[in-house]
*Asks:* 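One structure is given below, represented as structure tokens, and several questions about it will come after.
First the proteins, then the strands, lettered A, B, ... as listed; each starts at 1.
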There are 2 protein chains.
Amino acid sequence: MHKDYRNYAALMKALGDETRVKIFDMLTQGERCACKILDDFAITQSTLSYHMKILCDSGLVNGRRDGIWMRYTINPDTLEILKEFINGIEASCNEIDINCCKGDQRLNVFMVK
Amino acid sequence: MHKDYRNYAALMKALGDETRVKIFDMLTQGERCACKILDDFAITQSTLSYHMKILCDSGLVNGRRDGIWMRYTINPDTLEILKEFINGIEASCNEIDINCCKGDQRLNVFMVK
DNA sequence: TTGTTATATTGATATTCATCAATGTGTTGG
DNA sequence: CCAACACATTGATGAATATCAATATAACAA
């Protein structure tokens with residue numbers, strides 16, 4: 001089981017904005033249409049559309065058209081991937097590295113250790 | 001218990017880069033010094049220092065000086081804050097909003113609903 | 001088909017980000 | 001003190017980001 005760090009970084013980046021992380025958390029309540037989401041923020045409609053595109057492109061959020069409206073929900077599969085990665089992180093108390101480097105990093109040249 | 005979305009976004013942003021999320025995961029193994037971390041990446045020492053500063057500023061990573069070396073570990077308290085937030089997110093299947101907006105968003109003017 | 005509402009896209013812009021080379025700072029050994 | 005090593009900071013730069021105004025697109029209702 002290989003870790004896809006590029007994907008983890010992309011998921012984190014999608015949530016690395018206050019507006020987007022609020023929207024994501026808001027969707028815990030259930031499906032929301034864009035106009036309802038917009039009510040909660042002091043941003044323009046085009047900016048919201050931009051943020052929703054980022055959330056959807058990351059895979060964290062699904063959008064579906066319902067007539068005039070776009071309705072958004074959390075994508076449970078991608079959420080699970082994120083949860084598993086985060087929960088797999090541990091603050092280990094292992095002993096320190098003893099043997100560190102011997103090199104001249106000014107020149108980016110490393111000698112034998 | 002109030003949610004600090006600004007902080008959540010800052011934590012996510014700190015991990016929203018492939019190099020940084022790899023470093024963070026690597027620290028699950030235990031304490032690592034900067035020169036050891038540097039071995040695993042094709043970046044310069046100054047770039048690594050920049051990334052370590054971002055990780056430390058976010059609170060996710062602690063650094064301590066040990067003589068010549070800087071040794072880094074995961075900060076368990078901040079990790080716990082992140083875990084609790086992520087694990088609190090759920091992909092709810094609640095019913096949809098029925099009443100959406102009535103307004104002219106071209107003008108950013110909203111009428112009575 | 002025409003007008004209205006909801007959402008997406010485009011173009012412009014100011015800001016932030018990731019990166020490197022160069023240089024500065026701190027620590028240790030001799 | 002001086003030289004060597006580890007790490008931090010600075011300055012420069014190209015790329016990415018967040019935002020808005022303006023406009024386009026899509027769906028529906030009458």
Side-chain angles (χ1 to χ4, degrees), chain A residues 6 9-10 12-23 32-39 41-58 61 63-72 96-113, chain B residues 6 9-10 12-23 32-39 41-58 61 63-72 96-113:
Chain A
R6 186 174 308 239
M12 300 289 191
K13 185 177 286 189
L15 296 179
D17 175 275
E18 195 173 343
T19 300
R20 290 197 295 266
V21 80
K22 277 183 187 170
I23 292 170
R32 281 276 184 289
C33 74
C35 56
K36 277 268 189 169
I37 296 172
L38 187 58
D39 285 349
F41 298 91
I43 57 177
T44 65
Q45 177 268 324
S46 68
T47 299
L48 177 66
S49 187
Y50 163 80
H51 284 307
M52 296 317 296
K53 181 167 167 49
I54 288 174
L55 286 170
C56 289
D57 286 352
S58 77
V61 168
R64 70 179 180 93
R65 197 166 253 290
D66 177 18
I68 281 187
W69 301 288
M70 280 298 297
R71 302 194 187 273
Y72 296 100
I96 62 175
D97 302 323
I98 297 301
N99 298 318
C100 282
C101 305
K102 286 287 177 183
D104 190 344
Q105 296 185 354
R106 286 174 187 247
L107 306 176
N108 286 330
V109 170
F110 286 84
M111 295 132 209
V112 185
K113 289 165 194 162
Chain B
R6 184 172 310 238
M12 300 288 190
K13 185 176 285 189
L15 297 178
D17 175 273
E18 195 174 342
T19 299
R20 291 196 295 267
V21 80
K22 278 182 187 171
I23 292 170
R32 281 276 183 291
C33 74
C35 56
K36 278 267 189 172
I37 296 172
L38 187 58
D39 285 348
F41 297 92
I43 57 177
T44 64
Q45 177 268 323
S46 68
T47 300
L48 177 66
S49 187
Y50 162 79
H51 285 306
M52 296 316 298
K53 182 168 167 48
I54 289 175
L55 285 170
C56 289
D57 286 352
S58 76
V61 168
R64 70 181 180 91
R65 198 168 252 289
D66 176 18
I68 283 186
W69 302 289
M70 281 297 297
R71 302 194 185 273
Y72 296 100
I96 63 175
D97 302 324
I98 297 300
N99 298 318
C100 282
C101 306
K102 288 284 177 184
D104 188 344
Q105 296 184 354
R106 285 172 190 251
L107 305 175
N108 288 329
V109 171
F110 287 82
M111 294 131 210
V112 186
K113 292 169 194 160

*Asks:* Looking at A/Lys13, does any N or O in its side chain come under 4.0 Å of the phosphate oxygens OP1/OP2 on D/dT17?
*Replies:* yes
*Asks:* So which nucleotide from C/dT27, C/dT9, C/dA22 ends up closest to the side chain of A/Lys53?
*Replies:* C/dT9
*Asks:* In whole Å, I'd like the distance from the CG atom of B/Leu38 to the P atom of D/dA8.
*Replies:* 11 Å
*Asks:* Let me know the distance between CD1 of B/Ile54 and P of C/dT16, rounded to the nearest Å.
*Replies:* 13 Å
*Asks:* Output the single nucleotide from D/dC7, D/dA27, D/dA18 whose closest atom is nearest the side chain of A/Tyr50.
*Replies:* D/dA18
*Asks:* Could you tell me whether the side chain of B/Lys22 reaches within less than 4.5 Å of the side chain of B/Phe41, counting heavy atoms only?
*Replies:* yes
*Asks:* Which nucleotide wins on minimum distance to the side chain of B/Arg20, given the candidates C/dA18, C/dC20, D/dA18?
*Replies:* C/dA18
*Asks:* Please state whether the phosphate of C/dC17, meaning OP1 or OP2, lies under 4.0 angstrom from any side-chain nitrogen or oxygen of B/His51.
*Replies:* no
*Asks:* Which atom names give the shortest non-hydrogen contact between A/Arg20 and A/Leu15, and what distance separates them?
*Replies:* O-CD2, 4.5 Å
*Asks:* Is the phosphate of C/dC20 approached by B/Thr47 (side-chain N or O, under 4.0 Å from OP1 or OP2)?
*Replies:* yes
*Asks:* Could you check whether B/Ile37 gets within reach of a base, just the sugar-phosphate, or nothing at all, counting any heavy atom under 4.0 Å?
*Replies:* nothing
*Asks:* Would you say the side chain of B/Ile23 lies within less than 4.5 Å of the side chain of B/Arg32, judging by non-hydrogen atoms?
*Replies:* no
*Asks:* Mind checking B/Tyr72 for me? I need base, sugar-phosphate or nothing, with any heavy atom below 4.0 Å counting as a touch.
*Replies:* sugar-phosphate
*Asks:* With the side chain counted from C-beta on, respond yes when A/Ser49 and A/Lys53 share a heavy-atom pair under 4.5 Å apart, and no when they do not.
*Replies:* no
*Asks:* Provide, to the nearest angstrom, the distance between the CG atom belonging to B/Asp66 and the P atom belonging to C/dG26.
*Replies:* 18 Å
*Asks:* For B/Lys36 and D/dC7, what is the distance between atoms NZ and P respectively, to the nearest whole Å?
*Replies:* 12 Å
*Asks:* To the nearest Å, how far apart are A/Gln45 CD and D/dT25 C1'?
*Replies:* 12 Å
*Asks:* Heavy atoms from C-beta onward define the side chain here; which of D/dA27, D/dA8, C/dT28 lies closest to that of B/Ser49?
*Replies:* D/dA8
*Asks:* In whole angstroms, how far is the P atom of D/dT19 from the CD atom of A/Glu18?
*Replies:* 10 Å
*Asks:* Measure from CD1 on A/Ile68 to P on C/dG3 and round the result to the nearest Å.
*Replies:* 16 Å
*Asks:* Taking the side chain of A/Arg65 as its heavy atoms from C-beta onward, which of D/dA27, D/dT9, C/dA18 lies nearest to it?
*Replies:* D/dA27
*Asks:* B/Leu38 versus B/Ile43: any side-chain heavy-atom pair under 4.5 Å?
*Replies:* yes
*Asks:* OP1 or OP2 of C/dT19 sitting under 4.0 Å from any side-chain N/O of B/Thr44?
*Replies:* no
*Asks:* To the nearest angstrom, how far is B/Ile23 atom CD1 from D/dC7 atom P?
*Replies:* 13 Å
*Asks:* Kindly indicate whether the side chain of B/Thr19 and the base of C/dA18 share any N or O donor-acceptor pair separated by less than 3.5 Å?
*Replies:* no
